[in-house]
**Student:** 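Take this structure first; my questions come after.
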Protein chains: 2
Amino acid sequence: MTTITARERLINAAIEAFAEKGFAGTTTRDIASRAGMSPAAVYVHHDSKESLLFTVSLNGHRSALEVITSAAASSSEPVQRLRAMVYDFSLWHADHSRVGRIVQYEYHALTDEHRAEVATYRRSIEKAMQDALADGVDQGALDVDDVPGTAFSLLSLGVDLVRWFEPGGSRSGHELASLHADLAVRMTRPT
Amino acid sequence: MTTITARERLINAAIEAFAEKGFAGTTTRDIASRAGMSPAAVYVHHDSKESLLFTVSLNGHRSALEVITSAAASSSEPVQRLRAMVYDFSLWHADHSRVGRIVQYEYHALTDEHRAEVATYRRSIEKAMQDALADGVDQGALDVDDVPGTAFSLLSLGVDLVRWFEPGGSRSGHELASLHADLAVRMTRPT
DNA sequence: TACCGCCCTAAGCGCTTGCTTAGCATGCAA
DNA sequence: TTGCATGCTAAGCAAGCGCTTAGGGCGGTA
């Protein structure tokens, strides 16, 4: 059986609140009441509002990196691998649009130290996509003029989902992930 | 000669502040001091903090719509027109990354009435891109499976620039706009 | 000199903020 | 029964918030 600790309940409450109102627009009282606790309870389990943000952001970055890394390892055939990476990365952003919104839009609200720590994950994500494109070009399976720029653009498609995606909307996460994967193949298809 | 009124100075200060710290994270005292005025001066020229945001957001939406509309009118040849639209839209987001950030990320901070007003501009922008793709398909010059989805994805490339673009960075707005235009052509190229 | 209209500010009001402090209830060990 | 650790809260502090009020300074007209 899974027990949710008070600490985790507060983290889940913070995810809801930060995604809905932004970090600066969220009060610690709001987080506490979403978790069904008193305002002081936040500080029993967490150091500060910013450390709650860091926890959410760090977990989110780790999760996103893991998704794209395991997609990269799923195949050695360049087109199939690219498909899997774009599909899974976009699907992650649809399935975790609230965490994703915090990861992307509250990045600047982290302290300098915390932002630096999280930045290493971002670079790893970019590198994974660049490596997949470069390898595909080397193997002659993909045609890409600007590897870093194309890699960044492919990630942008997924990241931008968090700006507007809502579960239950007119398009499912799977549909959007398929669309992005198709576009990725078109973008890198040899003539 | 161009005179900048106190009202405009406050708007420019608000653009700086909102883009840097977000709407909720910005104080009216910060806006006033950036404009070299006292805190009370904000309310001499503007009704509220939110009405300042609305002014910035509305101007930004109008400007972006104008850019993509005139690009759409620049050519009747589908590939050239698509290139122009993607290029200009992305370049606008690079050149106006601070206003663009406010337009995109503070959309939810508007009042319901103001958000509804601004939403009409967003729909017009999406429609312009969809129409350009649909017309290109009709003329047989473009191959697009999912017109609304592809249109949205092309706009995403430009919009996502505001998340990270800084003038003086490693890539210029023109370089990024060229990249996006190239990718757009690849995405819609017939086999 | 007297007056007006325009811009702007000093001061502050009522409220909310992140966070702290002091202490209470519960359960377990001896 | 006593002692103590654990997990929480009531109350509140200093600071900062959006916004208002009352009035000062100044250029132009007469």
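A, B, ... follow the sequence lines: proteins, then strands. Residue 1 opens every chain.
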**Student:** Write down the distance between NZ (A:Lys21) and P (C:dG18), rounded to a whole number of angstrom.
**Tutor:** 11 Å
**Student:** Nearest whole Å is fine: how far is D:dT9 C1' from A:Arg29 CZ?
**Tutor:** 13 Å
**Student:** Rounded to whole angstrom units, what separation is found between the CD atom of B:Glu8 and the P atom of C:dC7?
**Tutor:** 13 Å
**Student:** So, OP1 or OP2 of D:dT20: does either fall under 4.0 Å of a side-chain N or O from B:Tyr43?
**Tutor:** no
**Student:** Is it possible for you to check whether B:Arg98 lies under 6.0 Å from the centre of the six-membered ring of B:Phe165, through NZ or CZ, and within 45° of that ring's axis?
**Tutor:** no
**Student:** Send over the distance from B:Asp47 CG to D:dG18 P, rounded to a whole Å.
**Tutor:** 16 Å
**Student:** Rounded to the nearest Å, what distance is computed from the NZ atom of residue B:Lys49 to the P atom of nucleotide D:dG16?
**Tutor:** 16 Å
**Student:** Name the closest nucleotide to the B:Thr28 side chain, picking from D:dC19, D:dC8, C:dC8.
**Tutor:** D:dC19
**Student:** In this structure, how many angstroms lie between the C1' atom of C:dC19 and the NE2 atom of A:His45, rounded?
**Tutor:** 16 Å
**Student:** Any luck finding a side-chain donor-acceptor pair between B:Asn12 and B:Glu8 under 3.5 Å?
**Tutor:** no
**Student:** Assess whether side chain to side chain donor-acceptor pair (under 3.5 Å) is satisfied between B:Arg62 and B:Tyr121, documenting all intermediate values.
**Tutor:** CA-CA 7 Å; B:Arg62 284 184 170 151; B:Tyr121 290 90; 2.8 Å; yes
**Student:** Measure the distance from CE on A:Met37 to C1' on D:dC8 and round it to the nearest whole Å.
**Tutor:** 7 Å
**Student:** Within the structure, does a side-chain N or O atom of B:Ser38 lie under 4.0 Å from either OP1 or OP2 of C:dC8?
**Tutor:** no
**Student:** C:dC19 P sits how many Å from A:Asp30 CG, rounded?
**Tutor:** 15 Å
**Student:** So does A:His46 get a side-chain nitrogen or oxygen closer than 4.0 Å to the phosphate oxygens (OP1/OP2) of C:dC19?
**Tutor:** no
**Student:** Following the transitive rule for hydrophobic clusters with a side-chain heavy-atom cut-off under 4.5 Å over Ile, Leu, Val, Met, Phe, Trp and Tyr, establish whether B:Leu58 and B:Tyr105 coincide in one cluster.
**Tutor:** no
